[in-house]
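Here the structure comes first, spelled out in structure tokens, and everything after it is commentary.
Numbers restart at 1 for each chain; the letters A, B, ... are given by sequence-line order, proteins then strands. Since this is a predicted model, take the numbers as computed values, not measurements.
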Amino acid sequence: MKASNMFAPTLREVPAEAEIVSHKLMLRAGMLRKTASGVYTYLPLAWRSIRKIEEIVRQEMDAKGGQELLMPAVQPAEIWLESGRWGVYGPELWRVKDRNGRDFCLGPTHEEMISIIFRNDMRSYKQLPQLWYQIQTKYRDERRPRFGLMRSREFIMKDLYSFDLDEAGLAKSYALMYDAYSRVFTRCGLNFRPVEADSGAIGGKGSHEFMALAESGESAILYCDTCDWAATDEIAGREPLPVTAEEMLSIEKVDTPDCGTVEDVAKFLHVPTNRIVKTMYYQADDQLVIVLVRGDRRINEIKLQGLLGCNELALAENADLEVHGQKVGYLGPVGVEGVRIVADAEVPLMFNVIVGANDGERHLLNVNYQRGDFRIDQVADLRYLEEGEQCPHCQGHLKLARGIEVGQIFKLHTKYSDSLHVVYAGEDGQEHPVVMGCYGIGIGRTLAAVVEQCNDADGIIWPMAVAPYQAVIVPVNDREPELKEAAERIYAELEADGVEVVLDDRQERAGVKFKDADLIGYPVRITVGAKALARGNVEVRLRKNGEMQEIALEGLTDWLKAYIEAEIAAGSCK
RNA sequence: CGGGAUGUAGCGCAGUUUGGUAGCGCAUCUGGUUUGGGACCAGAGGGCCGCAGGUUCGAAUCCUGUCAUCCCGACCA
């Protein structure tokens with residue numbers, strides 16, 4: 001490709017809409033343009049990288065026995081009604097009508113589609129297992145698209161679905177995908193971590209997310225500084241640590257004026273917040289529920305919702321509580337009747353705690369569950385883990401990091417085979433539900449994550465495997481015919497040898513070309529200048545570390561091909 | 001969904017308070033001088049001032065509505 005003819009409109013200034021570095025750089029490098037909120041056009045450079053990522057994904061899926069197919073983006077409502085998700089999915093499901101008023105949606109995912117395809121043509125246990133995947137544009141009408149490709153409404157996704165005879169088969173498929181995903185993200189040059197995760201709206205039990213570590217990541221993850229355990233903060237949990245027994249003192253009621261929060265109470269009474277039990281009223285569907293948690297903990301609503309099995313969950317409105325004669329800030333579990341009380345697992349182990357008194361601006365001291373001072377209907381892990389806590393699996397301590405979710409793998413079990421009646425005939429001649437798994441990779445998000453991790457003040461630093469081009473040739477002065485000719489010769493030779501190379505033949509000063517080369521992030525820059533050329537050499541500069549060396553013209557192709565190969569094998573951009 | 005902000009040339013912005021011929025930088029085009037890290041001089045082109053309505057002799061500017069975009073938040077008792 002000659003730069004004079006390349007559609008890569010680089011920008012010197014950053015469009016005001018971009019907030020994070022990957023978005024800014026992809027706009028500036030002339031890779032990406034916005035068409036609507038959360039909807040983007042991939043310009044040629046981005047598309048080349050996208051295709052490389054897709055190709056890596058294809059190779060790794062195929063290596064595990066995956067078979068690629070392509071399903072429609074537009075899906076009829078019927079299949080979503082059949083699975084029951086038409087009603088559950090909410091406004092993020094991008095619903096459209098055809099000219100006859102029939103309901104469709106733009107597929108956010110393809111469990112229904114693939115299940116039905118399977119159901120229509122697969123019959124026997126002899127045909128299992130199957131691994132089917134597609135790379136397809138998908139749609140989620142996000143409440144808040146942001147950060148360019150990081151959270152967009154139209155996005156490219158690889159989804160693989162596994163169909164197995166039984167749980168053991170699923171475990172095998174899941175393990176294959178876990179391995180494939182690790183290989184994909186390693187090859188893409190990402191610094192990532194697989195973490196235990198919640199399976200969310202997709203459903204099913206058992207899931208890992210693959211997180212590219214980045215400050216700008218939207219997910220918080222906890223990982224152990226000693227063992228290799230890691231999980232999203234949404235599901236991370238642990239057994240409560242044993243508590244040293246204390247003598248149970250008698251309850252006292254004390255005035256605590258103007259103490260609306262745990263911090264206020266702790267300060268006022270000169271006690272640590274972990275001596276207090278927080279009492280939170282939740283509205284779970286149409287039921288009021290009390291949730292108890294240690295004062296220094298945060299309630300994890302995802303866990304709570306899982307426990308309660310409700311669709312809607314929100315803190316009760318202050319007004320609702322006042323109807324019950326309750327004052328926010330002074331709530332407690334003692335003496336409460338007629339409301340279900342659930343407690344985080346730490347709560348029943350605590351001694352002599354402080355709780356709201358349900359009586360004006362007062363709190364109770366020395367309340368003990370183990371003495372029967374209050375009732376708990378159900379105990380469960382309901383809180384977030386905090387940085388610095390002991391690891392659930394070893395003596396290590398937890399660290400908190402942020403990550404970009406680039407992939408997620410789920411065990412669906414029989415969730416969809418049950419609702420959509422996807423069965424096979426077993427050896428016993430009986431119908432059995434197919435045991436399914438699904439495995440997604442955000443292709444565009446992976447690209448954004450790479451840029452997010454691989455950049456410096458000058459621009460992008462592509463890992464070789466996903467770089468739009470592997471090298472750029474910069475003739476330093478195009479008035480001198482010998483430089484221009486040399487550059488053309490090198491270009492022709494490299495192209496002929498299969499190197500993905502750009503010749504920057506634009507009528508620009510060297511500085512402009514250098515700046516653009518750094519911004520676009522070609523891993524290798526070959527500078528053709530008079531002095532080196534007189535020695536029969538060119539200058540080669542590596543984008544990742546700025547190292548410069550002179551290489552003889554006759555050995556250039558071999559050197560470059562070896563370097564490219566080594567870099568692709570190495571993966572990382574660093 | 002709630003809150004905040006912003007829409008003026010491809011990009012970044014000024015002009016809006018106090019209504020009076022739409023500006024600056026970058027980018028683009030022409031000519032010249034330059035030429036190893038975003039050159040300089042001279043000239044040129046490019047605008048439904050987001051859209052609709054209203055007030056006014058006159059609206060980018062005031063009023064009303066609307067659309068779009070971005071950010072923050074989504075309840076910790």
_Rounded interatomic separation in angstrom, taking CD from A:Glu301 and C1' from B:rC75_ = 8 Å

_Pair partner, B:rC1 [Watson-Crick or wobble, under 3.5 Å]_ = B:rG73

_Using a heavy-atom cut-off of 4.0 Å across all strands, would you classify A:Tyr282 as base, sugar-phosphate, or nothing?_
nothing

*Which one, B:rC71, B:rC11, B:rC76, comes nearest to the side chain of A:Met280?*
B:rC76

*asked:* Just to be sure I understand the rule, does A:Val262 reach a base, reach only the sugar-phosphate, or reach nothing, if contact means heavy atoms closer than 4.0 Å?
replied: sugar-phosphate

_Counting only side-chain heavy atoms from C-beta out, which of B:rC76, B:rC11, B:rC13 sits nearest to A:Glu13?_
B:rC11

*Would you give a per-nucleotide map of nucleotides 36-50 of chain B, 5' to 3', where B means the base has a protein non-hydrogen atom under 4.0 Å away, S means only the sugar-phosphate does, and - means neither?*
BBBB-----------

*Is A:Val14 touching bases, backbone alone, or none of the nucleic acid, heavy atoms closer than 4.0 Å?*
sugar-phosphate

*Answer yes or no: does a side-chain N or O of A:Ser37 lie under 4.0 Å from OP1 or OP2 of B:rC70?*
yes

*asked:* Once you apply a heavy-atom cut-off of 4.0 Å, does A:Ala18 come out as touching a base, just sugar-phosphate, or nothing?
replied: nothing

*Can you tell me how far C1' in B:rG43 sits from the matching atom in B:rG7, rounded to whole Å?*
32 Å

_Euclidean distance, atom CD1 of residue A:Ile302 to atom P of B:rC76 [Å, nearest integer]_ = 16 Å

